[in-house]
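In what follows, a single structure is set out as structure tokens and then discussed.
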Amino acid sequence: MSAPSRPLQDRRAPYIMLAPFALIFLVFVAWPLFQSITLSTQRTFGPGTTKFVGLENFIDLAGDPMFWIALKNTVIFTLGSVLIQLPLSLLLAMALNRPNLKGRALFRLIFFCPVLVGMVFVAMMFSLLLQRGSGGVLNRMADQVLESLFLYDLAGAIFKDPWLTSANIINFPWLEKYAMWALIVAALWMFVGYNMVYFLAALQNVRKDLLEAATVDGANAFHRFRHVTLPAIRPVASFVVLLSIIGSFQLFELPFFMFGGPGYENRGLTVVMYLYQSGFETGDLGYASAIGWILALILMAFALLQFILARRDEGTLE
Amino acid sequence: MKHRHAIMMTCIYVTLGVGAVITFLPFLWMFTSSFRTNAGFFDTYFLPVDADENIAWSQLTFTHYHKLLFELGFGRAILNSIFLSSVTSVIATLFAAMAGYALARFQFRGRGFALFVVLAMLIVPAPLLLAPTYQLMYDLGLIDTYHALILPAAAPAFGVFLFRQATLSSVPSQLLEAARIDGCGEFRIFFTMALPLLRPMIGAFLLITFLWSWNNFIGPQVMLQDVDRFPLAVAVGNLKGLYYQDYGLQMAGTLISILPVMLLFLMLQRDFISGLTAGAVKG
């Protein structure tokens with residue numbers, strides 16, 4: 001047994017090692033977390049003056065149209081991120097995972113780079129790239145591509161009054177009307193390589209012998225993916241989906257700088273932007289905390305769901 | 001069969017190539033834009049051309065960089081960012097490494113509870129803590145100081161989790177036992193034996209926290225008031241409001257801001273990507 005070695009271990013050592021983290025955590029993380037509960041039952045005018053209002057903040061939130069707009073926008077962005085970004089990430093990872101692929105490290109490096117750029121800086125770039133009219137780089141490039149593929153001519157030949165025209169593409173109002181799509185595009189550029197790295201690591205768990213056996217048995221590419229690859233990467237995939245949902249729900253800097261605030265008709269308003277506005281522009285830290293708690297509860301529900309699904313998966317594997 | 005394989009590989013290279021070009025173009029565009037004046041900024045994508053359709057090198061300018069550094073105080077903002085991110089990342093990594101190691105390799109009372117707290121913190125969204133942290137810093141008189149930013153970041157639950165995983169997988173218990181039998185003190189064991197073995201995770205987590213701190217906008221925006229204390233994320237954000245039409249200037253500011261972290265990443269990238277996925281794949 002390890003009995004003789006135990007006394008050698010200094011009993012105080014683990015506490016001393018844990019102490020710096022634990023002390024700072026208690027004062028600057030746990031205490032604010034606890035305080036956020038109290039704050040959410042208060043109406044505040046800056047940090048100085050507070051008034052107890054009970055659950056009024058939450059009741060007000062339920063009837064606050066701005067909050068619902070923010071929540072709707074955030075859900076749209078999250079769906080866009082998960083449904084568009086993650087399949088693309090997986091596709092890139094599978095392409096990079098081909099044996100004998102040359103330049104794998106370089107491709108991985110290039111795809112990963114955008115995530116190093118902070119949200120603020122990505123917003124600075126994309127607010128220029130996605131402008132409408134002659135200033136919009138993306139629109140002008142799209143226009144040239146569509147023109148060279150004769151798609152305008154095709155649309156003109158099929159429809160009497162085609163929407164797909166050069167003028168419409170050049171003036172496509174990303175930052176005005178299609179705010180959430182603009183964000184999805186910017187986030188796609190930023191995060192596709194980041195998620196790819198997770199999938200690439202997960203693909204190392206796929207057993208090559210099973211894939212080969214399936215090929216010998218005549219399974220096509222889709223069946224091999226569905227029955228061999230997918231089950232093997234599933235734990236990581238569900239983790240990546242969860243991370244993606246958590247990150248998407250906390251979207252703030254990207255719209256804040258791309259639209260300079262909530263944008264045209266509040267189409268760029270997100271939950272955390274509304275939290276920021278309530279707490280630090282209006283000065284109601286209590287209302288901001290209430291919004292924070294709604295956000296936290298939504299994300300906890302997703303985490304719980306992922307946990308339950310992961311448990312169930314483990315059960316079916318036995 | 002061989003023919004089909006070749007077609008498949010060609011498709012893959014084309015897809016990856018197109019993806020890489022799309023990923024790279026915004027960087028190139030930002031780089032060239034930062035040397036362009038507003039005159040004819042949008043006439044061509046990357047470089048200005050003269051009447052003969054030749055590249056007009058003479059129209060490129062360093063004025064944006066000059067203005068940022070010598071008129072708009074960006075030199076100060078760069079130093080602020082470097083200071084804030086370095087201090088934050090070193091403290092956070094040291095504390096997380098010690099706590100993670102303790103949770104992985106010691107049996108002690110309260111260990112289960114500490115572990116539970118660390119795991120539970122992983123799902124608390126940061127914006128929830130924004131208002132109460134502001135309130136706390138106000139009460140402590142720390143508004144408009146770097147303490148308000150560094151202290152909350154010095155206790156990263158996520159980091160403790162990562163270092164616990166790393167310790168479990170790469171610091172063998174037998175090694176520690178042997179060192180104890182040789183009469184080595186616990187802290188000497190940690191600093192001279194465990195830390196070197198945890199080096200990949202240290203590199204990864206230093207970079208994660210450095211990046212997080214460097215790119216953090218909402219924290220400094222809320223906690224700081226004095227312009228002289230603003231880090232790059234806030235300084236660049238302000239360009240958007242103050243120099244709305246000055247595109248070249250905005251891109252120069254953005255480039256200055258992302259260049260240092262890009263260089264840091266290129267130095268540490270091997271550790272970084274493996275450390276990033278370690279929690280997910282082994283966890």
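Just so it is clear, the structure is predicted and the values come from calculations on it, not from any experiment. Within every chain, numbering begins at 1; the chains are lettered A, B, ... in the order of the sequence lines, protein sequences first and strands thereafter. Heavy-atom basis, side chains included; hydrogens, waters and symmetry copies ignored.
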- chain B contact via A:Phe121 - which portion, at a heavy-atom distance below 4.5 Å: both
- Query: So which part of A:Phe302 gets closer than 4.5 Å to some heavy atom of chain B, the side chain, the backbone, both or neither?
  - Reply: neither
- Side chain, backbone, both or neither: which part of A:Val272 has an atom under 4.5 Å from a heavy atom of chain B? side chain
- Task: With a 4.5 angstrom heavy-atom cut-off, could you sort out which part of A:Gln204 is near chain B: side chain, backbone, both or neither?
- Result: neither
- Query: Would you call the rings of A:Trp189 and B:Phe27 parallel, tilted or perpendicular if under 30° counts as parallel and over 60° as perpendicular?
  - Reply: tilted
- Side chain / backbone / both / neither for A:Leu39 at chain B, heavy atoms under 4.5 Å: side chain
- Note on the structure: So, the part of A:Leu26 with a heavy atom under 4.5 Å from chain B: the answer is neither
- Message: Can you classify the ring geometry of B:Tyr13 versus A:Phe107 as parallel (below 30°), tilted (30 to 60°) or perpendicular (above 60°)?
- Response: tilted
- Query: Considering only heavy atoms, which portion of A:Glu281 lies under 4.5 Å from any heavy atom of chain B: side chain, backbone, both, or neither?
  - Reply: neither
- Item | Sole residue of A:Phe280, A:Tyr276, A:Phe256 in side-chain contact (heavy atoms from CB on, under 4.5 Å) with B:Ile218 | A:Tyr276
- Query: Checking heavy atoms, do the side chain of A:Ala303, its backbone, both or neither come under 4.5 Å from chain B?
  - Reply: side chain
- Message: List the residues meeting side chain to side chain donor-acceptor pair (under 3.5 Å) with A:Ser127, not counting sequence neighbours, and say none if there are none.
- Response: B:Lys240
- Message: Tell me every residue that passes ring pair (Phe, Tyr, Trp, His ring centres under 6.0 Å) with B:Phe24, counting only those two or more places apart in sequence or in another chain.
- Response: none
- Query: Side chain, backbone, both or neither: which part of A:Met141 has an atom under 4.5 Å from a heavy atom of chain B?
  - Reply: both
- Contacting region of A:Leu33 [heavy-atom separation from chain B under 4.5 Å]: both
- Item | Centroid separation A:Phe25 to B:Phe95 less than 6.0 Å | no
- Could you tell me whether the side chain of B:Asn215 and the main chain of A:Leu116 form a donor-acceptor pair under 3.5 Å? yes
- Message: Can you tell me which portion of A:Arg108 sits under 4.5 Å from chain B's heavy atoms? Options are side chain, backbone, both or neither.
- Response: side chain
- Query: Is B:Leu94 close to A:Phe21 at the side-chain level, that is, under 4.5 Å between some pair of heavy atoms?
  - Reply: no
